[in-house]
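Here's the structure, in structure tokens; my notes come after.
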Amino acid sequence: MVFKNSIDLYKKALNLIPGGVNSPVRAFKSVNREAPIFVKKGQGARIYDEDNNEYIDYICSWGPLILGHNHPKVIEEVKKIIENGSSYGLPTKYEVDLAELIVEIVPSIEKVRLTTSGTEATMSAVRLARAYTGRNKILKFEGCYHGHSDALLVKSGSGLLTDGYQDSNGITDGVLKDTLTLGFGDLEKVENLLRNEEIACIIVEPIPANMGLIETHKEFLQGLRRITEETKTVLIFDEVISGFRLALGGAQEFFGITPDLTTLGKIIGGGYPVGAFGGKREIMDLVAPVGRVYHAGTLSGNPIASKAGFATISYLKENPNIYKELAENTNYLVDNVEKLAEKYGVDVCVNSMGSLFTIFFVDLEKVENLEDSLKANTENFSIYFNTMLDNGIVVPPSQFEAHFLSIAHTKKELDRTLEVMEMAFKKIGEKNAK
Ligand code: KE4
């Protein structure tokens with residue numbers, strides 16, 4: 001495969017954009033590659049780079065494209081309005097339609113505010129929880145990632161973890177003192193903390209996917225729900241990834257646990273810039289202009305993004321069998337990954353939930369939290385990533401992210417993926433044998 005155009009573009013970008021990318025994980029830094037691929041287009045389960053290389057895609061824009069790239073239904077709906085205009089700074093029908101669908105489907109959401117990113121959604125939800133409770137401190141879990149607002153960039157996963165750190169520079173001690181962190185899954189410590197400190201909210205990824213994927217035990221979430229109710233702490237489910245992915249109603253439907261607030265993103269915009277936070281009416285009505293918890297946005301509820309999100313969610317709602325098929329396809333892949341690892345003597349622990357999975361290159365029975373995840377062999381992950389890419393399969397360029405499947409990943413794509421995975425595992429096995 002030739003990567004000349006991507007390399008040239010990367011060299012040009014490096015002079016114009018920090019790290020040549022607009023989001024760190026895209027730089028392929030942790031997988032020791034000369035340059036990331038620059039994508040020209042996507043179609044179904046595939047993307048094509050500027051050198052016309054074709055890849056089966058397991059990034060899927062980090063989650064939004066559960067229907068695959070350029071699903072005809074989404075294109076058809078966006079085409080209906082794309083020539084009417086792009087943005088008005090005034091309300092449109094389309095954001096009301098999307099809000100109505102979210103309120104109908106997501107169990108915890110009685111009212112919702114649309115934003116333009118997941119970061120904005122989680123930042124605003126934390127501000128709202130502080131106003132609602134009159135408390136300052138918040139609790140998040142090590143390795144979870146909730147976007148890049150100051151209060152949440154503490155012991156964070158995703159792109160920070162990918163590049164070997166967890167805390168951003170430029171955040172004041174004043175902010176840091178109010179953000180507390182604990183290990184994911186440690187319910188006893190959560191209970192002790194909430195019994196002894198006034199906490200405004202717990203924000204949690206119900207299925208963490210930013211330290212690699214963690215298979216959450218339902219009892220942990222049930223415990224969080226119990227303890228937050230008893231201590232009048234706001235429970236925020238950050239469902240930016242799991243929303244409309246783990247089930248139509250997200251992780252809260254899948255586990256049958258209803259948080260006080262939910263943040264969303266990704267799928268609800270169908271690939272266009274979006275985010276949302278929503279929950280109980282009594283909390284949401286504190287948001288301006290009803291209350292005095294300020295949130296605003298020039299492009300919040302953008303009509304094109306709202307239309308694309310509405311089309312995507314409508315399709316999921318009309319085809320509920322999608323979730324069973326996605327889980328079956330993921331399980332097919334995962335079962336065969338474990339067989340291949342066994343065959344070539346490669347230590348892996350594969351975590352999967354619904355249409356998400358992570359292959360941890362580690363000799364552990366289970367990876368349950370950040371401490372486990374950090375034991376992964378990132379050199380082996382890098383061999384895996386590069387062997388896959390050089391053979392037409394693009395997976396997330398980080399051990400600390402999840403692979404995403406779409407409905408466009410058919411058995412044909414899965415079997416080709418396994419063929420190339422075998423090449424990668426063979427290479428890792430041979431290295432280990434030296
Ligand atoms: P955005 O601001 O990137 O739209 O959403 C932030 C966010 C919030 N909550 C969760 C659970 C998230 O996973 C994210 C963003 N996810 C990462 C991928 N793990 C985005 C990819 C990137 O940063 O380039």
Side-chain angles (χ1 to χ4, degrees), residues 17-30 36 39 57-66 114-126 138 140-163 165-166 168 184 201-214 216 236-246 250-252 259 261-278 297 299-300 302 305 309 353-354 356-358 370 373 394-404:
I17 306 168
V21 292
N22 288 307
S23 199
V25 72
R26 302 177 191 172
F28 287 17
K29 214 170 120 182
S30 72
V39 180
D57 176 23
Y58 286 93
I59 298 175
C60 295
S61 180
W62 300 103
L65 303 177
I66 193 167
L114 298 175
T115 71
T116 43
S117 72
T119 291
E120 194 187 326
T122 55
M123 174 179 71
S124 309
V126 163
I138 67 171
K140 74 175 284 291
F141 294 96
E142 294 160 5
C144 285
Y145 177 72
H146 304 287
H148 59 87
S149 64
D150 281 6
L152 292 170
L153 268 183
V154 182
K155 295 275 181 293
S156 284
S158 188
L160 295 96
L161 216 44
T162 300
D163 288 343
Y165 60 103
Q166 298 170 33
S168 174
F184 184 80
C201 65
I202 293 178
I203 183 166
V204 63
E205 292 179 64
I207 49 164
N210 288 293
M211 55 182 113
L213 183 76
I214 303 296
T216 306
I236 303 173
F237 272 12
D238 178 356
E239 296 224 43
V240 168
I241 283 186
S242 57
F244 298 94
R245 177 167 284 275
L246 194 60
Q252 56 197 269
L261 292 176
T262 298
T263 54
L264 297 167
K266 299 182 190 274
I267 287 174
I268 67 165
Y272 290 81
V274 75
F277 61 102
L299 295 169
S300 293
N302 172 271
M353 291 198 82
L356 299 168
F357 71 95
T358 293
L370 181 61
S373 171
V394 62
V395 302
S398 163
Q399 171 65 91
F400 306 108
E401 298 281 1
H403 292 50
F404 293 84

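Starting from 1, each residue takes its place in the sequence as its number. Owing to the predicted nature of the structure, the values given are computational and were not obtained by experimental measurement. Excluded from the calculations below are hydrogen atoms, water molecules and symmetry mates; all remaining heavy atoms, backbone and side chain alike, are included. In each ligand, atom 1 is the first atom listed, and ligand 1 is the first ligand listed.
Considering only non-hydrogen protein atoms, atom 10 (C) of ligand 1 sits nearest to Y145 O, 3.3 Å. Protein heavy atom nearest atom 5 (O) of ligand 1, with residue, atom name and distance: G118 CA, 3.4 Å. The nearest protein atom to atom 19 (N) of ligand 1, hydrogens excluded, is given as N210 OD1, 2.5 Å; this is a heavy-atom distance. In terms of protein heavy-atom proximity, atom 9 (N) of ligand 1 is closest to D238 OD2, 2.7 Å. Protein heavy atom at the shortest distance from atom 18 (C) of ligand 1 is E401 OE1, 3.5 Å.
Within the 4.5 Å cutoff, no side-chain heavy atoms of L160 are placed close to those of F400. Between V126 and S149, the closest side-chain pair of non-hydrogen atoms is not below 4.5 Å. Between T216 and P208 there is a side-chain heavy-atom pair separated by less than 4.5 Å. A heavy-atom distance below 4.5 Å is not found between the side chains of T116 and N302. Looking only at side-chain heavy atoms (C-beta outward), M123 and L152 stay at 4.5 Å or farther from each other. Side-chain atoms of L161 and N210, non-hydrogen and from C-beta on, never get closer than 4.5 Å to each other.
When atom types are taken as modelled, the side chain of S23 and the backbone of V25 share no donor-acceptor pair closer than 3.5 angstrom.
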Subject >> Trace of the side-chain hydrogen bond (donor to acceptor under 3.5 Å, both in side chains) decision for E401 with S158 >> reply: CA-CA 6 Å; E401 298 281 1; S158 188; 2.8 Å; yes
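Using a 4.0 Å heavy-atom cutoff, K266 is listed among the residues neighbouring ligand 1. Residue G275 places every heavy atom at 4.0 Å or more from ligand 1.
Closest non-hydrogen pair, P24 versus D163, comes out as CB-OD2, 4.3 Å. The two residues G118 and V240 make their nearest non-hydrogen contact at CA-CG2, 4.1 Å.
With ligand atoms numbered from 1 in the order given, ligand 1 contributes 17 (C), 18 (C), 19 (N) to contacts under 4.0 Å with heavy atoms of S158. Of all atoms in ligand 1, listed by their number and element, those nearer than 4.0 Å to a heavy atom of E205 are 11 (C). Shown in contact with I241 at under 4.0 Å from a heavy atom are these atoms of ligand 1, numbered in order with element: 13 (O). Applying the 4.0 Å criterion to heavy atoms of V25 picks out, from ligand 1, the atoms 24 (O). Interface of S117 with ligand 1, defined as ligand atoms under 4.0 Å from a residue heavy atom, comprises 2 (O), 4 (O).
For atom 24 (O) of ligand 1, the nearest non-hydrogen atom from the set G147, G63, A209, S23 belongs to S23.
Of the protein's heavy atoms, none falls inside 4.0 Å of atom 3 (O) of ligand 1.
At under 3.5 Å, a nitrogen or oxygen of T119, whether backbone or side chain, sits near a nitrogen or oxygen of ligand 1.
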